[in-house]
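Data first, discussion second: the structure below is written as structure tokens.
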Amino acid sequence: MAGARATREIDIAALPLDERSKYLRRLVVRTLHGGERGHVGSSMSLIEIMRVLYDDILRFRADEPKWRWRDRMILSKGHGCIAQYVMLAEKGFIPYETLDTFCRRDSILGGHPEAAKIPGVEASTGSLGHGLSYGVGMALAARIEKRDSRIIVVMGDGEINEGSVWEAALSGGKHRLSNLTAVIDYNKVQSAGPTSEVQDLEPLLDKWRAFNFAAVEVDGHDVEALRKVFQRVPLAADRPTAVICHTVKGKGIAFAENDANWHHKSKIGKDVVAQLYAALE
Amino acid sequence: MRATCQNMVYDLAKRDKRVIFIGSDLSPGLLAGMKKEMPERWYMEGITEANVIGMAAGLAMEGYIPYVNTIATFITRRCYEQVAVDLCLHELPVRLIGNGGGLVYAPLGPTHLAIEDIAIMRALPNMTVTAVCDAKEMVRLMNCTLDWPDPMYIRLAKGGDPIVSREENGFAIGKAIPMLRARGRRSIVLMSTGVMTTNSLAAADLMSKDGHDVSVVHVHTVKPLDEATVLEFADGAELVVTVEEGTRIGGFGSAVTDVLVEKLGVSIPPVLRIGLPDAFPHKYGLQEELFEVYGLTPDQIAARTLKSLKVKDKVA
């Protein structure tokens with residue numbers, strides 16, 4: 001990447017969603033239907049990031065979730081977990097039927113993911129700003145063992161308001177952890193409203209570079225572009241990588257896009273489910 | 001105790017490749033031998049407590065046993081949520097070594113005084129809370145830490161503390177140690193943790209000289225509490241006195257009374273809880289001087305105990 005620049009200058013290409021992206025979003029709606037609640041906007045913005053990581057990038061064994069040589073993907077923005085749950089079903093970690101139990105009393109799938117319950121989930125998340133430090137520890141462990149696992153930590157833009165994220169970034173940069181990648185789902189809208197108003201993150205690309213990360217930005221809904229970026233990781237041999245994914249909150253559901261009111265819904269009835277499915281036609 | 005604990009980390013690291021040391025911003029040259037010999041297992045991460053706990057969690061998730069060390073207030077309340085979520089929720093064998101438990105940092109003022117560390121650590125599910133009484137006992141504790149499955153808080157005293165523990169008493173995490181046994185069942189029972197056991201033994205000595213029948217139970221593990229030993233000594237006691245260098249709200253004394261209330265019900269013996277009041281300490285000076293301010297010297301413990309006995313007799 002040439003020189004630092006304001007990340008907000010990047011426009012998201014208005015590429016139409018392909019059939020797989022729509023299909024995955026329908027699985028998200030199925031899950032929301034099961035729980036009659038959930039983080040709608042936060043999950044929809046993540047879909048292509050999760051899709052590309054699980055379809056093309058991550059090394060894992062669904063029948064051996066703790067396989068030592070796997071890559072570690074930590075969904076630090078745990079509230080976007082439905083996007084991960086559908087990929088875990090897609091890859092055979094959990095049955096599809098489990099999605100229908102979302103948030104039910106005895107389900108393994110809660111509103112935030114728990115590592116002790118769900119095969120394929122590395123760490124319990126939900127409280128924000130924890131994942132990157134886990135990633136630093138995991139990346140150091142891989143280095144000690146000379147193990148080539150990659151550690152990928154997916155964070156939300158609101159999440160990186162947390163000071164602990166920047167403490168972890170200091171450590172990641174200091175230790176030159178090229179096996180560590182921070183991914184930002186930069187959908188520009190947090191629970192209270194636009195990130196630019198609540199707690200402006202710009203210049204975000206500069207920030208990560210200033211913390212000694214090799215940082216790049218990408219259209220977070222462009223499957224091909226995401227694939228290319230993640231295939232280039234690590235972007236530098238002596239530094240961690242930061243991939244800033246420009247996304248749209250609620251992507252794919254026209255009436256929910258960029259609307260903070262769709263960050264989370266606690267009552268999702270059949271009528272809303274029908275509207276969500278219809279939006280994905 | 002502090003140097004012994006830190007040196008034990010190096011010693012354990014030589015024995016076990018899973019051992020990692022993570023400090024925040026500690027003394028220059030700390031564990032220099034370990035740093036030189038095994039640099040991939042020695043970290044000094046700066047004043048980033050939240051990150052340090054998460055980093056330790058990440059290492060523990062991969063099978064390591066990180067020993068994290070910084071000042072007690074900062075390793076407990078500064079990063080309380082990380083301790084709760086990263087360590088306790090995940091049930092990871094991370095060791096938190098808190099320098100200067102209680103009133104050790106007296107001259108440095110209330111920001112550095114760990115008066116509620118035991119109380120808040122104790123409130124967390126899966127957390128083990130320890131406060132040994134001297135350097136010799138620290139060695140015994142540290143030798144048990146490799147195989148303990150849960151996160152553990154290790155409260156350190158000032159250092160150079162008098163040696164009162166005895167090898168023949170043995171040591172097991174979660175097992176209280178009777179240091180002094182009264183002749184009869186209906187006796188005064190002092191229960192204490194950390195270096196307050198030293199002061200309690202001295203207080204017991206004073207009271208014994210006056211003809212009182214006194215037991216001293218040293219509770220180096222506040223959680224999990226050795227309920228059996230607490231009940232064995234408390235049941236039928238004339239007076240149970242808990243002594244701690246920390247807040248009375250939710251601390252060691254609370255742990256003891258929780259058990260007594262739950263298990264003995266209306267048969268609960270009279271209890272006096274000696275500890276710190278619900279207030280930030282606002283005096284400086286030495287730790288020993290603050291002991292005096294808060295009634296934690298041996299003389300004061302003995303006097304408060306005997307006064308409590310008299311009050312009890314009056315009520316009766």
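Chain naming here is simple, since letters A, B, ... match the order of the sequence lines and numbering starts at 1 in each.
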CD1/B:I47: more than 12 non-hydrogen atoms of other groups inside 6.0 Å: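 Result for CD1/B:I47: open.
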Restricting to ring pair (Phe, Tyr, Trp, His ring centres under 6.0 Å), what partner residues turn up for A:F102, sequence neighbours left out?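 A:F102 satisfies ring pair (Phe, Tyr, Trp, His ring centres under 6.0 Å) with no other residue.
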Heavy-atom pairs under 4.5 Å with chain A - which of B:G63, B:G54, B:G46, B:A56 has more of them than the others?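 Top option by heavy-atom pairs under 4.5 Å: B:G54.
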In terms of heavy-atom pairs under 4.5 Å with chain B, which of A:I144, A:V136, A:I151, A:L170 leads?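 Result: the option with the highest number of such pairs is A:I144.
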Going by the rule side chain to side chain donor-acceptor pair (under 3.5 Å), which residues pair with A:S107 if we only count those two or more places apart in sequence or in a different chain?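 Partners of A:S107 under the side chain to side chain donor-acceptor pair (under 3.5 Å) test: A:T101.
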Set of side chain to side chain donor-acceptor pair (under 3.5 Å) partners for A:K91, sequence neighbours left out: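 Side chain to side chain donor-acceptor pair (under 3.5 Å) check on A:K91 returns A:D55.
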Measure B:I20 against the heavy atoms of chain A and call it side chain, backbone, both or neither at under 4.5 Å.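 For B:I20, the side chain is the part near chain A, not the backbone.
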Need one label for A:A116: side chain, backbone, both or neither, based on atoms under 4.5 Å from any heavy atom in chain B.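 Neither part, no heavy atoms under 4.5 Å.
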Side chain, backbone, both or neither of A:A123 within contact of chain B (heavy atoms, under 4.5 Å):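 For A:A123, backbone and side chain are both near chain B.
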Kindly provide each donor-acceptor pair between chain A and chain B shorter than 3.5 Å, listing atom names and distance.
from, atom 1, to, atom 2, distance (Å)
A:R72, NE, B:E62, OE2, 2.8
A:R72, NH2, B:E62, OE1, 2.7
A:R72, NH2, B:E62, OE2, 3.4
A:S124, N, B:H90, NE2, 2.7
A:S127, OG, B:E81, OE1, 2.8
A:S127, OG, B:E81, OE2, 2.4
A:H130, ND1, B:D86, OD1, 2.5
A:H130, NE2, B:E81, OE1, 2.6
A:S133, OG, B:N51, OD1, 2.7
A:Y134, OH, B:D86, OD1, 2.7
A:E145, OE2, B:Y64, OH, 2.6
A:E167, OE1, B:A50, N, 3.4
A:E167, OE1, B:N51, N, 3.0
A:S171, OG, B:E45, OE1, 2.5
A:S171, OG, B:N51, ND2, 2.8
A:K174, NZ, B:M44, O, 2.7
A:K174, NZ, B:E45, OE2, 2.9
A:H175, NE2, B:E45, OE1, 3.2
A:H175, NE2, B:E45, OE2, 2.7

